[in-house]
Amino acid sequence: MMLLTRRHAQAAIHAQAAIQRNVCKDAAAAAPFVALTTTTSTSRSRPTSTSTSSRAQYGIVSSAAAARSTCTGPTCSTSIVMLDRAQFSTSPNRAVVDDDLIVSNYQRSCWDSYLATSRGSKALFKSIDTNSSGTISKEEMKGFLTNINHKNLRKEALKYMDQRPDDAEMDLKEFQSFLIMATKYSTFKNPVLKERYEAQPTLGDRRRRAESSDDGAADEERTWNESTMSQGLRRMQYAVRGEVVLRADALQAEGREITFTNVGNPHGVGQSPITFYRQVLALCDLPDANGVDHPDVGRLFPSDAIARAKEMRASIGKGGTGAYTNSQGIADFRTDVAAYIENRDGHPAYPGDIFLSNGASSAIGSILTGLIACDNDAVMIPIPQYPIYSALITLLGGRQVGYELDEGLAWAVTRDELEKQYSDAITNQGLDVKALVLINPGNPTGQVYTRKDLEVICKFCADRGLVLLADEVYQRNCYDPDRQFLSAKKVALETPGCESLQLVSFHSTSKGLVGECGRRGGYMELHNIDPYVQSQIYKLASSGLCSGVAGQVMTSLMVKPPSPDGESYDQFVAEETDIFDSLRRRANKLVDGLNAIDGIECVPAQGAMYAFPKLDLPEKAIQEAESNDQSPDTIYALSLLQETGICVVPASGFGQKEGRVGFRTTFLPPEDKLDVAIDQFAKHHELFCDKYS
């Protein structure tokens, strides 16, 4: 028997949960209260309590025993000796911790861990199976659901449990199926994804199970299935290529003309490539004899493109563009990026802090992989946000802490909102907030932050010791003459109190005026990042060998365009100017057109490539969406697609204030098509509202 304070008891509970997820940093604090023994035995015998086990005690021992299966190494087993029941005095600092309290705390810990990581279903099952019968009774499940206060459970799952017979028992397989039902995302059901995916004619033929199985075994009989696959992947959502887009692909395959405004894919909707970039890239790829050394090369290519290609080929090396490069990227190209940053910000930048990447997305994935270490590690993301962040955080088993951008203030953020969400995450949710994402210019919201806005964010991150992840891929897309792009690094270096700010910034060749999405070029700069961590990020990059060389070439070209005295310069400037002026016109035209529609309201797009309008929909439309287990903006987007052929993304896929309904659309289609689209937006909205009025 032990006498424990509340702090000690909580430490013990945290240690049990830490052991279960194989992250034992909390275990040391509970060492006097939880005995751990790690051996190199293959034994899986159940640890026993020194006292007679009650139903609750036995359950928690069983739950802890389940943790052994998560231990690394083929022969590692961890035995856990649970606390004897402790009687506590009535002192204000002491409490009686009985079996039920230990069980309920452990169940909540297992449930929170599952919600965060989508792992640990077996440990959760055993924590509910309090009599270690190998099944869960309806009574045990009721106790568990009450214990977690139905947290993050979908209505259909609760209804399912309610309708089960009183004497029904649930085995592990059925429990895992229940978890899938309970934690599905209502905005896009995975069965719908499967149906839409399999219906796409552009995928080509697929081998079916029945073709290779004598008995025609069903899908669920495969050992790798919906229940056993990564549940983080199952729960991950990426709305930009979600349900509406899959439906659009199917309609296009049937012969329908579709206007894709769902993704920032400039060349895909008609933007012309920059000639100089393509000329240099072609000369880098061509064999010497057919390119830079061909006797007639000067008749086909401008002299500065030839000179630049020769320079880049020397940097690439004898292996050419078909060979692997340094995992961090070609050294001379990283020097080009550093020079660009230094010229942009007026502060030093270093090639050794630059990582070339397959677009910004892969770089973001690398940093989040390095950041998320435990299932209570959290990242603050703007709401609305670009869904690559929520998708990757879910996949990696982290937690999202949303901070709302104020639509009434043109999507600005306040220090009060940052502090409010941070405090709630730390105090009420027990999370360890490690980083904050900034998207500037905004996606999907289109705002361009002022120096004051950036100072607020930089100071907050510096004060709280958060790593700032600055997504700056639209830095060339600023259309409001009163809002010029400022980098987070520049503002941080010029703001007192931000000297210790840890910052990673991202840029890409997919956006801006380049628009070369298919090249997958980009970079990240690590500023004031721990040297050991940076070496581990390099190790992670090494596991992928290197980013694509074509993307590295394009990144160097983006940051080091033709010089003013070069033969290509005038054409280059003219092409960039045409692209920029057209984007600015389209941004204004689309926002003005949407705001002219009764029931649609849109904040002006100061930058980026998107409008993010808000919709006023009839109550009947919202009710129908709820009855179909869909978000209102999903049924609106599907209706818009069916009636007009315009493919947008429901705003719910980006996150938005509760009760808001909307969508994201690009303004990338050619100007003549955009005029038609605006007219179609207006006609559809009127018809949709009439239908549900």
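Side chains included, hydrogens not; waters and symmetry mates left out as well; all remaining heavy atoms used. Note that the structure is a prediction, hence the values are computed from the model and not measured.
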For the pair T634 (side chain) and Q630 (backbone), establish whether a donor and an acceptor sit closer than 3.5 Å, ignoring hydrogens and angles. no
Check whether Y610 forms a cation-pi arrangement with R664 (NZ or CZ under 6.0 Å from the six-membered ring centre, at most 45° off the ring normal). yes
Taking S423 for the side chain and E419 for the main chain, is one N or O donor matched with an acceptor at less than 3.5 Å? no
Under the salt bridge (Lys or Arg N to Asp or Glu O under 4.0 Å) rule, collect the residues that match up with K459, sequence neighbours excluded. none
Using modelled atom types and a 3.5 Å cut-off, is there a donor and acceptor pairing between side-chain atoms of D530 and backbone atoms of Y532? yes
How long is the straight-line distance from OG of S505 back to CD1 of I341, given to the nearest 0.5 Å? 5.5 Å
Residue pair V591 / A605: nearest heavy atoms and the distance that separates them: CG2-N, 3.8 Å
Quick one, D480 and V448 - any side-chain contact, counting heavy atoms below 4.5 Å? no
d(M609 CE, T665 OG1) to nearest 0.5 Å is 13.0 Å
So, for G365 and L392, which heavy atoms are closest and what is the spacing to 0.1 Å? CA-CD1, 3.7 Å
Can you list everything that forms a side-chain contact (heavy atoms from CB on, under 4.5 Å) with S487? Sequence neighbours excluded, please. R344, D345, E472, F485, K489, K490
Could you tell me which residues satisfy side-chain contact (heavy atoms from CB on, under 4.5 Å) with E174, sequence neighbours excluded, listed by chain and number? Y160, R164, M170, D171
Between S366 and I537, the two heavy atoms sitting closest are O-CD1, 3.9 Å
Starting from the C-alpha separation in whole Å, work towards a yes-or-no answer on side-chain contact (heavy atoms from CB on, under 4.5 Å) for H507 and Q475. CA-CA 8 Å; H507 196 13; Q475 58 189 261; 3.6 Å; yes
E601 atom CD: more than 12 heavy-atom contacts under 6.0 Å: no
Looking only at side-chain N and O atoms, does S510 offer a donor or acceptor that is under 3.5 Å from a partner on R520? yes
Taking atom CD1 of I529 and atom CG of D353, what is their separation to the nearest 0.5 Å? 9.0 Å
Is there a donor-acceptor pair under 3.5 Å between the side chain of Q107 and the backbone N or O of S127? yes
State, with a plain yes or no, whether a side-chain heavy atom of M380 is found less than 4.5 Å away from one of V437. no
Using modelled atom types only, decide if a donor and an acceptor are shared between the side chain of R247 and the backbone of L638 within a distance under 3.5 Å. no
The criterion is ring pair (Phe, Tyr, Trp, His ring centres under 6.0 Å); which residues satisfy it with F355, sequence neighbours excluded? none
Contact between L454 and N440 at the side-chain level, heavy atoms closer than 4.5 Å - yes or no? yes
Is the closest side-chain heavy-atom distance between V433 and I426 below 4.5 Å? yes
Counting distance only, does the side-chain N/O of S639 pair as donor-acceptor with the main-chain N or O of I635 below 3.5 Å? no
Any side-chain heavy-atom pair of I646 and L641 under 4.5 Å: no
Between V401 and A378, which heavy-atom pair has the shortest distance, and what is it? CG2-CB, 3.8 Å
To the nearest 0.5 Å, what is the distance between CD1 (I128) and OH (Y106)? 11.5 Å
Under a 3.5 Å distance rule, please check whether T555 uses its side chain to pair with a backbone N or O of G522 as donor and acceptor. yes
N528 (side chain) donor-acceptor with L501 (main chain) under 3.5 angstrom: yes
Check whether any side-chain N or O of S547 sits under 3.5 Å from a backbone N or O of N358 as a donor-acceptor pair, and report yes or no. no
Could you state the interatomic distance from CG (N265) to CG (L668), rounded to the nearest 0.5 Å? 8.0 Å
Evaluation steps, side-chain contact (heavy atoms from CB on, under 4.5 Å), between H527 and Q502: CA-CA 6 Å; H527 169 73; Q502 302 161 87; over 6 Å; no
Kindly state whether the ring of F663 and the ring of F654 have centres lying under 6.0 angstrom apart. no
pair I381-I393: side-chain heavy atoms closer than 4.5 Å: yes
Considering all heavy atoms, the nearest F612-G655 contact: CZ-O, 4.5 Å
Verdict with reasoning, I383 to Y403, per side-chain contact (heavy atoms from CB on, under 4.5 Å): CA-CA 6 Å; I383 299 297; Y403 64 91; over 6 Å; no
Is any side-chain heavy atom of L368 closer than 4.5 Å to one of V379? yes
Counting only N and O atoms by type, is there a donor-acceptor contact under 3.5 Å from the side chain of D424 to the main-chain atoms of Q421? no
Where do L124 and L179 land on the side-chain contact (heavy atoms from CB on, under 4.5 Å) test, with the steps shown first? CA-CA 10 Å; L124 179 58; L179 289 178; 4.1 Å; yes
Please, which pairs that meet ring-ring contact (aromatic ring centres under 6.0 Å, His included) have at least one residue in residues 429-464, sequence neighbours excluded? Y422-F460
Answer with yes or no whether the side chains of Q400 and S390 bring together a donor and an acceptor at under 3.5 Å. no
Looking only at heavy atoms, the pair that brings P384 and T445 closest together is CG-CG2, 3.8 Å
With a 4.0 Å cut-off, would you call D633 and K614 a salt bridge? no
Any chance you could measure D616, atom CG, to I600, atom CD1, to the nearest 0.5 Å? 10.0 Å
Between Q176 and K173: side-chain donor-acceptor atoms closer than 3.5 Å: no
Set of residues satisfying side-chain hydrogen bond (donor to acceptor under 3.5 Å, both in side chains) with respect to R108, sequence neighbours excluded: N105, N147
Report the residue from W111, F175, F178 that forms a ring-ring contact (aromatic ring centres under 6.0 Å, His included) with F144. W111
May I ask you to test the Y538-S327 pair for a side-chain heavy-atom distance under 4.5 Å? yes
